[in-house]
Amino acid sequence: MTTLAPSAADPAATNSSDPRSRADRAFFGHPAGLGWLAFCELWERFSYYGMQALLVIYLSNYLFLPEHIGQVAGIDALRAAIEGVTGPRSTQQLASVVFGLYAGLVYLTPIFGGLVADRWLGRTRTIVIGATLMALGHFLMAFEASFLLALACLLLGVGCFKGNIAAQVGSLYAPQDKRRASAFQIFMLAVQVAVILAPLVCGTLGEKVAWHWGFGAAGVGMVIGLFVYLAGRRWLPPEDLKGDKQVAATAPRTPMASAEKARLVLLVVMIPVLMLSIVGNQQYNNAFPLWSQDHMDLLLFGWQIPVTWLQAVDAIISTATMVLSIAFWRWWATRRREPDELVKMALGSLLAAGGPALIAVAAMLIEGTGEKVSLVWTLGYTFVNDLGFANILPVGLALYSRTAPRRFEGLMIGVYYLHLFLGNTFVGWLAGLLEVMPGRDFWALHAALVASAGVLLLALRFFFGKLLLPEEDAAAAKA
């Protein structure tokens with residue numbers, strides 16, 4: 001990928017010893033630190049998705065059964081709190097509620113982790129603490145009594161780890177370095193590898209050998225991730241927390257400029273729009289399997305394909321589309337000016353809307369013929385959705401990392417993850433419409449929501465895009 005000429009105001013661009021130097025291209029044209037961070041993230045996500053693959057069936061089929069649930073310390077208080085809001089819950093319903101709370105809070109705790117890193121400990125210490133807590137949480141899952149303590153450790157660990165390691169990826173690049181967006185795509189590619197491997201390893205061990213073997217494998221993965229992070233520390237952005245505190249103590253705190261305040265407001269306002277951009281992608285794990293088991297022909301050479309295998313298909317295709325997207329933008333940058341993040345995200349949303357739109361067409365065919373549709377429709381949905389999604393989530397991370405004020409970067413990465421919390425909650429409500437709406441209308445609604453996000457992102461780019469432009473692009477726009 002071609003890069004812009006170094007700026008005199010950007011010493012990192014020319015200092016090859018600085019982790020943000022554009023001369024550092026040791027990892028596929030990117031700084032060496034990106035490789036270490038991506039490999040660490042791979043193992044962290046391996047542990048997370050391995051545990052997530054097992055959690056709800058472990059609770060439903062074992063831990064929350066009447067003969068076992070009494071062994072969980074604190075479960076009576078938690079159950080009373082949940083049923084005080086929802087009413088009595090069966091074993092499976094309680095398992096789903098607890099799983100939902102865990103999955104939602106995973107995207108809220110990074111705000112806390114960002115505050116801890118930005119104000120007190122720095123990113124490196126906070127990430128190490130987070131990785132340690134996560135490893136401990138996975139190993140505590142091996143004991144039934146410590147289940148709730150294990151979840152608490154995992155939630156706090158993810159909060160300390162997730163946003164801050166993403167912020168460190170952004171800190172590898174100077175503000176004017178346009179490699180940042182593709183760096184986050186490479187970073188997310190490591191996540192995709194973990195999504196494929198984790199259910200195969202942890203899920204198989206948990207279901208076929210013993211539950212605790214699966215959770216233990218997730219814990220081992222997190223320990224490996226911690227060692228990878230520590231081993232690659234010399235290639236990561238330096239932190240002088242003591243020096244920063246001394247400067248803060250002796251110098252007046254610079255008030256935020258009006259442009260910075262406006263930028264922060266815009267980044268927060270974008271969260272609901274980003275929530276809409278992901279509903280087609282997130283529904284693949286919720287309503288789509290339910291719809292598929294009733295309306296899709298899953299027979300292959302006389303063998304019935306498990307519905308859950310559709311998730312593996314999605315993981316493999318999403319990995320391929322991430323690679324394809326990275327290659328495309330590298331090719332584009334050698335011939336034309338690369339668009340900014342908002343434009344990429346808008347284009348990604350408009351493309352991703354084609355995924356549920358294809359299923360709406362499939363539902364129309366079902367209504368017309370009364371027969372199930374081919375598995376090819378799944379492949380079409382997955383490919384189109386994932387190709388668009390590759391330009392939404394990682395590019396959004398790059399945008400928030402670049403535009404957030406330095407002292408709030410970790411916090412703003414945590415704010416960015418709020419759209420995943422809101423999106424998952426919204427998708428859960430939308431999935432309930434599957435029983436009361438024709439399939440054609442249900443999936444067309446999702447296509448319209450995702451497309452509307454693309455239109456809104458283009459509108460934000462048109463009216464407020466200058467606030468988010470890189471400095472040199474903003475200067476060129478003024479000229």
Side-chain angles (χ1 to χ4, degrees), residues 1 28-30 34 38 41-42 45-46 49 166 169 179-200 274 276-286 288-289 292 308-334 338-339 341-362 374-399 419-420 423 427 443 446-447 449-451 453-454 457:
M1 178 183 297
F28 299 107
H30 288 266
L34 177 63
E41 177 73 357
L42 186 154
R45 292 288 89 183
F46 172 89
Y49 286 109
V169 172
R179 293 179 298 168
R180 182 189 299 257
S182 64
F184 276 99
Q185 289 180 316
I186 293 172
F187 187 67
M188 292 300 296
L189 186 59
V191 174
Q192 295 304 121
V193 175
V195 173
I196 296 171
L197 294 178
L200 297 177
L274 297 179
L276 294 177
S277 73
I278 66 171
V279 296
N281 184 77
Q282 302 307 103
Q283 204 62 274
Y284 195 88
N285 300 317
N286 195 325
F288 185 66
S292 297
T308 53
W309 279 30
L310 298 179
Q311 309 306 313
V313 172
D314 177 57
I316 294 169
I317 293 179
S318 61
T319 302
T321 53
M322 188 71 73
V323 173
L324 183 61
S325 179
I326 293 170
F328 172 79
W329 288 120
R330 285 193 175 189
W331 171 83
W332 182 273
T334 63
E338 191 171 348
E341 295 98 339
L342 268 182
V343 173
K344 285 185 179 180
M345 294 164 69
L347 294 175
S349 298
L350 293 172
L351 179 59
L358 285 174
I359 302 303
V361 174
S374 166
L375 185 64
V376 171
W377 289 97
T378 290
L379 300 178
Y381 175 19
T382 305
F383 180 79
V384 174
N385 169 76
D386 289 346
L387 193 58
F389 193 68
N391 290 282
I392 300 175
L393 183 63
V395 177
L397 270 174
L399 174 65
H419 84 278
L420 288 167
V427 159
W443 293 110
H446 284 73
L449 290 173
V450 179
L457 287 169

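Model, not experiment: these values are computed from the prediction. Just the heavy atoms: all of them, side chains too, but no hydrogens, waters or symmetry mates, feed the values below.
The aromatic rings of Trp332 and Phe328 sit tilted, their planes meeting at an angle between 30° and 60°.
By the side-chain hydrogen bond (donor to acceptor under 3.5 Å, both in side chains) test, Ser325 is found to be paired with Gln185, Asn391, residues two or more places apart in sequence or in another chain being considered. For Asp386, there are no side-chain hydrogen bond (donor to acceptor under 3.5 Å, both in side chains) partners two or more places apart in sequence or in a different chain.
For the residue pair Gly355 and Val384, the shortest heavy atom distance occurs at N-CG1, 3.7 Å. Scanning all heavy atoms of the two residues, the minimum distance from Ala315 to Val195 falls at CB-CG1, 3.6 Å. Residues Pro339 and Lys344 share a closest heavy-atom pair of O-CE, 3.7 Å. The heavy-atom pair separating Ala38 from Phe187 by the smallest distance is CA-CD1, 3.9 Å. Between Pro356 and Gly280, the shortest heavy-atom distance links the atoms CG-CA, 4.5 Å. Shown here for Ala353 and Ala451, the closest heavy-atom pair between the two residues is CB-N, 3.7 Å.
Summarising the geometry, atom OG belonging to Ser318 is positioned 12.5 Å from atom CG belonging to Leu324; distances are rounded to the nearest 0.5 Å. The CD1 atom of Ile278 lies 11.0 Å from the CD atom of Gln283; values are rounded to the nearest 0.5 Å. With rounding to the nearest 0.5 angstrom, the CG atom of Asn281 is 7.0 Å from the OH atom of Tyr381. Considering CD1 of Ile359 and OG1 of Thr382, their distance stands at 8.0 Å, rounded to 0.5 Å. Between atom CG of residue Asn385 and atom CG of residue Asp314 there is a gap of 7.0 Å, rounded to the nearest 0.5 Å. The CG atom of Leu347 sits 11.0 Å away from the CG atom of Leu342 when rounded to the nearest 0.5 Å.
Residues Glu41 and Val191 form a side-chain contact, since some pair of their non-hydrogen atoms from C-beta on lies under 4.5 Å apart. Taking 4.5 Å as the limit, some side-chain heavy atom of Leu274 sits within range of a side-chain heavy atom of Met345. Within the 4.5 Å cutoff, the side chain of Leu393 has heavy atoms near those of the His419 side chain.
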TODO: Would you sort out whether Arg330 and Ile326 count as a side chain to side chain contact (heavy atoms under 4.5 Å, CB included), showing the intermediate values?
DONE: CA-CA 6 Å; Arg330 285 193 175 189; Ile326 293 170; 4.2 Å; yes
